[in-house]
Protein chains: 2
Amino acid sequence: MSDTQLKSALDTLKTTGVRITPQRHAILEYLIETMSHPTADDIYKALEHKFPNMSVATVYNNLRVFRESGLVRELTYGDNASRFDFVTTKHYHIICESCGKIVDFHYPGLDEVEHLAAHVTGFKVNSHRLEVYGTCPDCEEKATKLQ
Amino acid sequence: MSDTQLKSALDTLKTTGVRITPQRHAILEYLIETMSHPTADDIYKALEHKFPNMSVATVYNNLRVFRESGLVRELTYGDNASRFDFVTTKHYHIICESCGKIVDFHYPGLDEVEHLAAHVTGFKVNSHRLEVYGTCPDCEEKATKLQ
DNA sequence: TTATTTATTTATAATCGTTATAAATAGTTT
DNA sequence: AAACTATTTATAACGATTATAAATAAATAA
Ligand SMILES: [Mn+2]
Ligand SMILES: [Mn+2]
Ligand SMILES: [Zn+2]
Ligand SMILES: [Zn+2]
């Protein structure tokens, strides 16, 4: 499953003339297998045993390459470090305000919001960003136990 | 109109034991009268003729105070500087990807998204963030003229 | 009013995520 | 193998924001 995802991603890179280096391979592999939303530093730390000399700039450079190839989506959070999401399908995120956990969920059609926004502002609309914030089950349980 | 907004804001601060300093007054006044979404630095620059010795830290400190009092909302944009919005009503933003302009728009009830997200993830939901991205009429016109 | 206490401001240094730069290295083509 | 080019590495720089500590101003008490 994740093997085909990796192969497909490598193909996408090859066809756009991007060289497959060991570092690139490892970063992609990590993004796909963890199924999470790591920061650049998470990736850097996870791979340092395999690539003791890898620079953090290499991680950032390659995440940019992946983003530009449409393989990866960058999730920005103000002050905090960006998180990177290996893109499979269109989906939204719900974020735990207590522990920072990010969980995917699907929701169809917010086209209506885009249309209304375009109509009332005169903008030409390209995209939208939606996130839901709350408390994850784990953190919720911890909170109730303390009471 | 904006005068009553200012008075109400000052009242809110007073009742929570926050001192009304000339700097605070000026920052609040600026936020209310500009009707825009300035960065901390925008505010700092706009007030430097009135307060030549004001520190940029003062702007940040007070924006934090205002945020904690619920007077101001902070809009974060990854790498770029936060923008600050004097809160009057619940509303969303549409952002021009060409010039950065931020325009308010209203949209009722995305409660359904919150409910679905809560249901499928098990999270306890607090809030959500929605933004629409596109090109503003001015930038769109400039773009078509160039063709 | 004056003294005392406390909040706030100022000036400046530090932090942190990210990017820029330039030299070194590795991959690709001739 | 030689030449060319992309990529990596090491390191410095950047920009927004925060931390710190001394100076100042506001509020309260005497
Ligand atoms: Mn995701
Ligand atoms: Mn607004
Ligand atoms: Zn949590
Ligand atoms: Zn524009």
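Lettering follows sequence order; numbering is per chain, from 1.
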What is the distance, to the nearest angstrom, from the [atom1] atom on [X] to the [atom2] atom on [N]?
X	N	atom1	atom2	answer
A/L28	D/dT7	CG	P	13 Å
B/K14	C/dA7	NZ	C1'	17 Å
A/N53	D/dT8	CG	P	13 Å
A/R24	C/dT25	CZ	P	19 Å
B/F51	C/dT9	CZ	P	10 Å
B/I20	C/dA7	CD1	P	15 Å
B/I27	C/dT8	CD1	P	13 Å
A/N80	D/dT17	CG	P	12 Å

Within 45° of the ring axis of B/Y77 and under 6.0 Å from its six-membered ring centre, is that where the NZ or CZ of B/R129 lies? yes
Take a 6.0 Å sphere around NE2 of A/H119 and say whether it holds more than 12 heavy atoms from other residues, nucleotides or ligands. no
Over 12 foreign heavy atoms within 6.0 Å of NE2, B/H115: no
By the 4.0 Å heavy-atom rule, please label A/T21 as base, sugar-phosphate, or nothing. sugar-phosphate
Base, sugar-phosphate, or nothing: which does B/S82 touch, judged by heavy atoms less than 4.0 Å apart? sugar-phosphate
Within the distance-only criterion (no hydrogens, no angle test), does the side chain of B/S69 pair as donor or acceptor with the backbone N or O of B/V65 below 3.5 angstrom? yes
Under 3.5 Å: donor-acceptor pair, side chain of B/T34, backbone of B/Y30: yes
Looking at [X], does any N or O in its side chain come under 4.0 Å of the phosphate oxygens OP1/OP2 on [N]?
X	N	answer
A/T58	D/dT9	yes
B/Q23	D/dA25	no
A/Y60	C/dT19	no

Identify, between A/N61 and A/A40, the residue whose nearest nucleotide on DNA chain C lies closer to the 5' end. A/A40
Earlier contact from the 5' end, DNA chain C, for B/V18 and A/R64: B/V18
In terms of side-chain heavy atoms of B/A57, which of D/dT7, C/dT6, D/dA19 is nearest? D/dA19
Could you please name the partner base of C/dT29, counting Watson-Crick and G-U wobble pairs only when both distances are under 3.5 Å? D/dA2
Could you identify the nucleotide paired to C/dT19, looking across every strand shown and requiring Watson-Crick or G-U wobble geometry with both distances under 3.5 Å? D/dA12
Return the 5'-most residue of the pair A/N62, B/A81 with respect to DNA chain D, ranking by each residue's nearest nucleotide. A/N62
Between B/P22 and B/T39, which residue's closest nucleotide on DNA chain D lies nearer the 5′ terminus? B/T39
